[in-house]
J.: 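Provided herewith is a single structure, encoded as structure tokens, for subsequent inquiry.
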Amino acid sequence: MPAFDLVLRGGTCVLPWGEEATDVGVRAGRIAALGDLRTAEAAETIDCTGLHILPGLIDAHVHLRDPGDPAVETLESGTRAALLGGLTAVFDMPNTAPSITDKERLDWKRGYLEGRAWVDVGLYVGASKKNIAELASLEIQPNVCAVKVFAGSSTGDLLVEDDASLEAVMRSGRRRICYHSEDEYRLQERKPLFTSGMPHRNHMVWRDVDCALIGTQRLMTLARKTGRPAHILHVSTAEELELLRDYRDVSTVEVLLNHLTQTDEAYDRLGGYAVMNPPIRDERHMRAAWAAVADGTVDVVGSDHAPHSRAAKERPWPDGAAGLTGVQTIVPLMLDHVSAGRLSLSRLVDLMCAGPARVYGATGKGRLAAGYDADFTLVDMKRQRTIEESWIVSPCGWTPFAGHRCTGWPVMAILRGAVAMREDEVVGNPRGTGVRFAEARD
Ligand code: DOR
């Protein structure tokens, strides 16, 4: 019997301790060896000359809309998009229709993803004012990545906005809680200032810097009071990033690809297809986000993939839906940022592998190391390709990044030892399963 099921030969690996030209041996779905394996026997060998081998990239922030409207997205189509885009795992948000807020729906979703998911999936459980007493037991169910709190309203009906309820949520269990942080009171107070049909750029005037900042200030005060770890999702302002540097004892930070890539000119160019929560803002905030990537403030970069129908996106502002697709495009766009010199491949791996594993406590993923899952994203940093809308497999069928030319492209993805995507084709059947977390067990 050959020593390995698979050997990746001749590539450059992005290891936790730096880039190294080394082979990788895989056995039984896990990494069995790193080193010179030129003479090792293997059932299958892949020549990776000229390619970088990254640990399987993770998008820790996606909305796959299942259950919901299959004409927009399903768990099958969204994970297929993820795989074609070079990801091997996603963490799926709970604001579906209906929301994932109890054990019954969580159990349903865990069963439902088997045989349908093309990549591995972590499951968020939603907090509501009605399920606070159950959150401590819900957050330790198998494959749960975190409790998600909408402290400001967005798509769906999940909302926990007042300090007393937020404090009760924080006292309900022990794992890190993920927050959509926009101050609901300021959002509602400012809503009447705007009328239907106003230009889309009013989105960032309505949900302004203070909405985000006040929301995050309130959450940080409560997190420190209760000692409950927090993860602030999609931080969108320079002011919050500055504040969060003083709360590293209780909080970690996510920034979105969109806030690193788009500024307010997008409203004029894309109309409703630039509208998301929290909003895309002016260049000052984008520069602050990159500075926070450079100095280590940011732990995770995600896409906040949030598909909606074209009809919902094309309604006059502010009657349209907020949210942008991104699960299929995040890797090419991040590789393009690497090519432009905005971050290194090692930092990209930190933000999309080690970061998610550390923040959410995922086990067996996020590093190229012996014993870890044999999940790999193989990238060709020389490949140039333009993102085309026809490439998008989410049924809603659009991307705000159509026409963006990328240098660097994911050419292969390997999931637990088996090739799952090669050159734009998914391979085999949907083999995704639930991601494991240290504090959530069978
Ligand atoms: O723009 C957004 N869309 N922000 C969110 O927080 C939710 C998301 C969605 O589910 O549509």
Side-chain angles (χ1 to χ4, degrees), residues 59-69 71-75 78 81 90-101 123-128 146-161 177-184 187 200-204 206-208 211-212 215-216 219 231-237 240 254-259 261-262 264 266-267 270-281 300 302-315 317-327 329-330 394-396 398-401:
D59 186 344
H61 192 158
V62 303
H63 300 261
L64 298 185
R65 307 287 191 227
D66 213 335
D69 179 0
V72 169
E73 189 74 289
T74 61
L75 187 114
V90 296
F91 297 173
D92 188 29
M93 286 292 174
N95 59 331
T96 44
S99 298
I100 306 298
T101 47
L123 302 173
Y124 286 93
V125 58
S128 76
V147 167
K148 164 76 180 280
V149 176
F150 282 88
S153 51
S154 194
T155 303
D157 55 10
L158 292 175
L159 181 64
V160 183
E161 77 280 34
I177 299 174
C178 293
Y179 297 96
H180 179 115
S181 171
E182 288 182 285
D183 184 78
E184 179 66 12
L187 286 188
H200 290 94
R201 62 168 50 244
N202 281 293
H203 198 62
M204 68 174 189
W206 168 36
R207 304 177 84 114
D208 67 355
C211 274
T216 300
L219 289 170
H231 182 53
I232 304 295
L233 297 163
H234 43 46
V235 177
S236 63
T237 67
E240 287 169 281
E254 178 196 66
V255 163
L256 299 183
L257 175 276
N258 302 69
H259 292 123
T261 311
Q262 296 174 304
D264 54 338
Y267 293 110
L270 299 168
Y273 293 99
V275 172
M276 61 181 291
N277 301 326
I280 289 163
R281 306 187 192 275
V300 175
S303 74
D304 195 1
H305 174 72
H308 293 280
S309 69
R310 285 184 191 270
K313 294 301 282 177
E314 288 170 12
R315 285 197 290 264
W317 187 84
D319 315 326
L324 305 175
T325 63
V327 74
T329 47
I330 184 171
S394 296
C396 68
W398 54 268
T399 166
F401 297 108

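All residue numbers refer to positions in the sequence shown, counting from 1. One-based numbering, in listed order, for ligands and for the atoms of each.
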J.: Apply side chain to side chain contact (heavy atoms under 4.5 Å, CB included) to W398 and L324, showing your working.
T.: CA-CA 9 Å; W398 54 268; L324 305 175; 4.1 Å; yes
J.: Taking all heavy atoms of E73 and all of P395, pick out the closest pair and write down the distance.
T.: OE1-CD, 3.4 Å
J.: Pick one of side chain, backbone, both or neither for how H308 approaches ligand 1, counting any non-hydrogen atom pair under 4.0 Å.
T.: side chain
J.: Do K313 side-chain atoms and V275 backbone N/O form a donor-acceptor pair below 3.5 Å?
T.: yes
J.: Applying a 4.0 Å heavy-atom criterion (strictly less than), which segment of V275 is in contact with ligand 1: side chain, backbone, both, or neither?
T.: neither
J.: In the protein, which heavy atom is nearest to atom 5 (C) of ligand 1, and how far is it?
T.: S154 OG, 3.0 Å
J.: Output the list of atoms in ligand 1 that are nearer than 4.0 Å to some heavy atom of A306, sorted by atom number.
T.: 3 (N), 8 (C), 9 (C), 11 (O)
J.: At less than 4.0 angstrom from any non-hydrogen atom of T155, what atoms of ligand 1 do you find?
T.: 3 (N), 8 (C), 9 (C), 10 (O), 11 (O)
J.: Heavy atom under 4.0 Å from ligand 1: found in M276's side chain, backbone, both, or neither?
T.: both
J.: What's the shortest distance from atom 1 (O) of ligand 1 to any protein heavy atom, and which residue and atom give it?
T.: N277 N, 2.7 Å
J.: Are H180 and H234 close enough that their ring centers fall under 6.0 Å?
T.: yes
J.: Quick one: are I177 and H231 in side-chain contact, heavy atoms under 4.5 Å?
T.: no
J.: Evaluate side chain to side chain contact (heavy atoms under 4.5 Å, CB included) for E184 paired with F150, printing each intermediate quantity in order.
T.: CA-CA 9 Å; E184 179 66 12; F150 282 88; over 6 Å; no
J.: With only distance considered, is F150 within less than 3.5 Å of ligand 1 through an N or O on each side?
T.: no
J.: Please write down residue, atom name and distance for the protein heavy atom closest to atom 3 (N) of ligand 1.
T.: A322 O, 2.9 Å
J.: So is P278 polar-close to ligand 1, meaning N/O to N/O under 3.5 Å?
T.: no
J.: Below 4.0 Å from ligand 1: does a non-hydrogen atom of R65 turn up there or not?
T.: yes
J.: Evaluate T237 against R281 for side chain to side chain contact (heavy atoms under 4.5 Å, CB included), listing each step before the verdict.
T.: CA-CA 8 Å; T237 67; R281 306 187 192 275; 3.4 Å; yes
J.: Could you walk me through whether M276 and T155 satisfy the side chain to side chain contact (heavy atoms under 4.5 Å, CB included) test, starting with their C-alpha distance in whole Å, then the side-chain angles of each, then the deciding distance to 0.1 Å, before giving a yes or no?
T.: CA-CA 10 Å; M276 61 181 291; T155 303; over 6 Å; no
